[in-house]
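Structure, as structure tokens:
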Amino acid sequence: MGDFKIYSVKASNCGRQFSGRFKATDMRDATNQAVEHLNQWGRGWNVRINELKNQKLALKQWDESN
């Protein structure tokens with residue numbers, strides 16, 4: 001397994017909104033995690049995923065909160 005990165009996720013669906021972060025090996029892994037999480041509340045989400053620019057800080061914050 002490769003190095004991990006933190007990805008920001010923002011999604012909306014018929015007035016419902018979700019925002020969060022996922023720790024993933026790559027964009028595909030982050031996308032799969034987001035799909036799995038959002039499918040709990042149905043399909044049809046408009047999703048935007050971004051790799052956070054300051055990975056060192058993001059990983060530190062992730063480790064502190066988890």
Side-chain angles (χ1 to χ4, degrees):
M1 207 174 231
D3 293 331
F4 286 99
K5 293 184 178 181
I6 304 297
Y7 294 86
S8 170
V9 177
K10 293 186 179 185
S12 62
N13 181 359
C14 298
R16 296 182 293 172
Q17 295 185 356
F18 169 81
S19 64
R21 292 183 176 185
F22 291 98
K23 184 176 181 181
T25 55
D26 56 25
M27 183 66 79
R28 180 176 291 184
D29 183 23
T31 301
N32 288 338
Q33 289 183 51
V35 167
E36 183 177 323
H37 184 78
L38 293 169
N39 276 344
Q40 296 175 45
W41 296 288
R43 298 186 182 270
W45 289 89
N46 180 14
V47 181
R48 186 170 64 190
I49 301 174
N50 295 302
E51 180 181 320
L52 296 179
K53 290 184 181 185
N54 190 341
Q55 285 293 311
K56 186 175 180 179
L57 177 61
L59 285 165
K60 180 181 176 186
Q61 290 173 339
W62 180 273
D63 290 339
E64 289 173 352
S65 69
N66 291 307

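Computed from a predicted model, the values in this text were never measured in an experiment.
With sequence neighbours left out, Trp41 forms a ring pair (Phe, Tyr, Trp, His ring centres under 6.0 Å) with His37.
Hydrophobic clustering of Ile, Leu, Val, Met, Phe, Trp and Tyr side chains at less than 4.5 Å, counting indirect connections, keeps Met27 apart from Trp62.
Considering CZ of Arg21 and NZ of Lys10, their distance stands at 10.0 Å, rounded to 0.5 Å. Expressed to the nearest 0.5 Å, how far CG of Asn46 lies from OG of Ser12 amounts to 4.5 Å. Asp3 contributes atom CG, which lies 11.5 Å from atom CG of Asp26 (distance to the nearest 0.5 angstrom).
Here the options are Thr31, Val35, Val9, Asn13, the test is side chain to side chain contact (heavy atoms under 4.5 Å, CB included), and the partner is Val47; only Val9 passes.
Heavy-atom contacts from other residues, nucleotides or ligands closer than 6.0 Å to CZ of Arg16 number more than 12. Within 6.0 Å of the CD atom in Glu64, the count of heavy atoms belonging to other residues, nucleotides or ligands exceeds 12.
Here the closest non-hydrogen pair linking Ala58 and Leu52 is CB-CD1, 3.7 Å. What you find for Ile49 and Tyr7 is that their closest heavy atoms are CG2-CB, 4.0 Å. Across all their heavy atoms, Ala30 and Ala24 have their closest contact at N-CB, 3.5 Å.
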> Given Thr25 and Phe4, is the side chain to side chain contact (heavy atoms under 4.5 Å, CB included) satisfied, shown in steps?
Replying inline: CA-CA 4 Å; Thr25 55; Phe4 286 99; 3.8 Å; yes
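The side-chain heavy atoms of Phe22 and Ile6, taken from C-beta on, include no pair separated by under 4.5 Å.
Between Asp63 and Lys23 a salt bridge is recorded (basic side-chain N to carboxylate O distance below 4.0 Å).
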